[in-house]
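Read the numbers this way: they start at 1 and go in the same order the structure lists the ligands and their atoms. For this chain, numbers begin at 1 and follow the sequence in order.
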Amino acid sequence: MTTVASPSTRKYALERGIDPEALARRTGRSFLTREDIDAALSPGPAQTAAPPSPWETDHALYGPVEFEPRSRFSRIAAANLAVSASTIPAVTHHDAADMGAIDALRHELRPEADARGVKLTVLAFHILALTRTLDAFPRFNASLSADGGGLWLKRHVAIGVAVDTPHGLVVPVLRGLQRRKIWSIATGIADLAARARARKLRPEEMGGASMSVSSLGGIGGRGFTPIINPPELAILGLSRARVEPVWDGEAFQPRAMCPLDLTYDHRVIDGAQAAAFLRHYADLLEAPARLML
Ligand code: CAO
């Protein structure tokens, strides 16, 4: 195809880095004007228009649908999660703890638990181990200042416990943990969970935690990547312990292994610190005599 363009149009095109022959081939036009050159230079409407938001999809086009409004509470929680996921460079470290010794201890303590009227779930031991681990690794018990220029180191241990309720996820906080024994922790978890489900929590029972725990151990799963509850620096995810063959150097032994997933803020915590933190935590669960001191 011979391209026809006036000498001035050709010059106009070449000065703007456009090859008239190539443009003619691309557009299928044999006669080019200045307008064709300008059109090639200006981004077309398809390039400039913002792509349609996937949230604006007309779902009714594809089949019957029904709209369910979300509560103010779940919309606020969703916004916090989105801020956490989009602003924190988070990494999740995985480990597992052998729960055999804790299971034996729970069994041994059952008569006392019954006498006290306390349901001694495994989560109480996890909270105790996390308290001791936070004492040993104070950098995890901190929050970044608003401008990122410093760390607020917390001289107390408080742990948020994610509770699944009919009105959404709630994270009330167990406080004063350095002074609390296993019985007080167990009753504290049960009390917070019951009141969270009955919408009876007081505002001061939320916020200000050292870090949070999300336990899906009562339900199942092999692991997950929990999202940090800002301004905390880390969150521990617990999944259901299950018996697995573990090599002891001579033979495989059946061990109840609990998956541990620690998500941490990489701006403050290094991978090596996270690995050491979680191993210390698992070691405490595996040798609970030290835990109960
Ligand atoms: N491995 C094996 N069994 C476990 C376990 C684990 N890691 N964790 C709990 N269990 C057992 C408990 O011991 C209990 O068994 P028994 O009745 O035989 O003693 C049973 O599972 C039920 O546990 P539970 O979950 O009801 O109670 P809990 O104290 O462990 O946890 C609470 C309380 C409030 C954390 C929990 O009920 C809950 O709401 N979990 C959901 C948290 C959540 O949604 N996280 C996701 C956040 S991100 O969306």
- Note on the structure: Atoms of ligand 1 under 4.0 Å from any heavy atom of A193, numbered from 1 in the order shown, are 34 (C)

- Item | Q178 backbone acceptor or donor facing D135 side chain under 3.5 Å | no

- Item | Any R197 heavy atom less than 4.0 Å to ligand 1 | yes

- Query: Is there at least one protein heavy-atom neighbour under 4.0 Å from atom 26 (O) of ligand 1?
  - Reply: no

- Task: Look only at the side chain of E112 and the backbone of L109, and say whether a donor-acceptor pair between them is shorter than 3.5 Å.
- Result: no

- For ligand 1, find out whether one of its N or O atoms is nearer than 3.5 Å to an N or O atom of A241. yes

- ligand 1 versus I219, non-hydrogen atoms closer than 4.0 Å: side chain, backbone, both, neither? neither

- Joining Ile, Leu, Val, Met, Phe, Trp and Tyr whenever any side-chain heavy atoms lie under 4.5 Å apart, the cluster holding I219 also takes in L216, F224

- Message: Under 4.0 Å, heavy-atom basis, I'd like to know which part of L123 is in contact with ligand 1: side chain, backbone, both or neither.
- Response: side chain

- Query: Can a cation-pi geometry be assigned to R279 and Y281, taking NZ or CZ under 6.0 Å from the six-membered ring centre and within 45° of the ring axis?
  - Reply: no

- Query: Quick one: do I227 and V171 end up in the same hydrophobic cluster if we chain Ile, Leu, Val, Met, Phe, Trp and Tyr together by side-chain heavy atoms under 4.5 Å apart?
  - Reply: no

- Task: For atom 18 (O) of ligand 1, decide whether some protein heavy-atom distance is shorter than 4.0 Å.
- Result: no

- Ignoring hydrogens and angles, tell me if any N or O in the side chain of H280 forms a donor-acceptor pair with the backbone of D283 under 3.5 Å. no

- For S215, counting its heavy atoms only, list the atoms of ligand 1 lying under 4.0 Å from any of them. 40 (N), 41 (C), 42 (C)

- Of all the atoms in ligand 1, which lie at a distance below 4.0 Å from a heavy atom belonging to R106? 13 (O), 19 (O)

- Query: Among all protein non-hydrogen atoms, which one is nearest to atom 24 (P) of ligand 1, and what is the separation to 0.1 Å?
  - Reply: G218 CA, 4.3 Å

- Task: Classify the contact between L169 and ligand 1 as side chain, backbone, both or neither, using a heavy-atom distance cut-off of under 4.0 Å.
- Result: side chain

- Give a yes-or-no answer on whether the side chains of S212 and E232 include a donor-acceptor pair shorter than 3.5 Å. yes

- Without swapping roles, check the side chain of K200 against the backbone of L192 for a donor-acceptor pair under 3.5 Å. no

- Would you say R242 contacts ligand 1, with heavy atoms under 4.0 Å as the rule? no

- Item | Under 4.0 Å to a heavy atom of R240 - the qualifying atoms of ligand 1, by number | 1 (N), 2 (C), 3 (N), 6 (C), 7 (N), 21 (O)

- Item | V163 touching ligand 1 at heavy-atom level, < 4.0 angstrom | yes

- Specify whether the nearest protein heavy atom to atom 15 (O) of ligand 1 is under 4.0 angstrom away. no

- Message: Looking at R70, is its backbone amide N or carbonyl O close enough to the side chain of S74 to form a donor-acceptor pair, meaning the two atoms are under 3.5 Å apart?
- Response: no

- Message: Is it the case that the side chains of T92 and T263 hold a donor-acceptor pair, with the cut-off being a distance below 3.5 Å and no angle test?
- Response: yes

- Item | Identity and distance of the protein heavy atom lying nearest atom 45 (N) of ligand 1 | S214 OG, 2.8 Å

- Query: Heavy-atom contact under 4.0 Å between S239 and ligand 1?
  - Reply: yes

- Message: Does the plane of the ring in F277 sit parallel, tilted or perpendicular to the ring in F140? Use 30° and 60° as the thresholds.
- Response: parallel

- Message: Under 6.0 Å between ring centres: does that hold for H93 and Y264?
- Response: no

- ligand 1 atoms nearer than 4.0 angstrom to some heavy atom of L216 are 43 (C), 44 (O), 45 (N), 46 (C)

- Nearest-neighbour protein heavy atom for atom 4 (C) of ligand 1, which is reported as residue plus atom name and distance: G217 O, 3.4 Å

- Message: Heavy-atom pairs closer than 4.0 Å: do any link ligand 1 to the side chain of M99, the backbone, both, or neither?
- Response: neither

- Note on the structure: For V83, the hydrophobic cluster (side chain heavy atoms closer than 4.5 Å, chained through members) also holds none

- Message: To check your reading of the model: name the closest protein heavy atom to atom 29 (O) of ligand 1, its residue, and the distance in Å.
- Response: T121 OG1, 3.0 Å

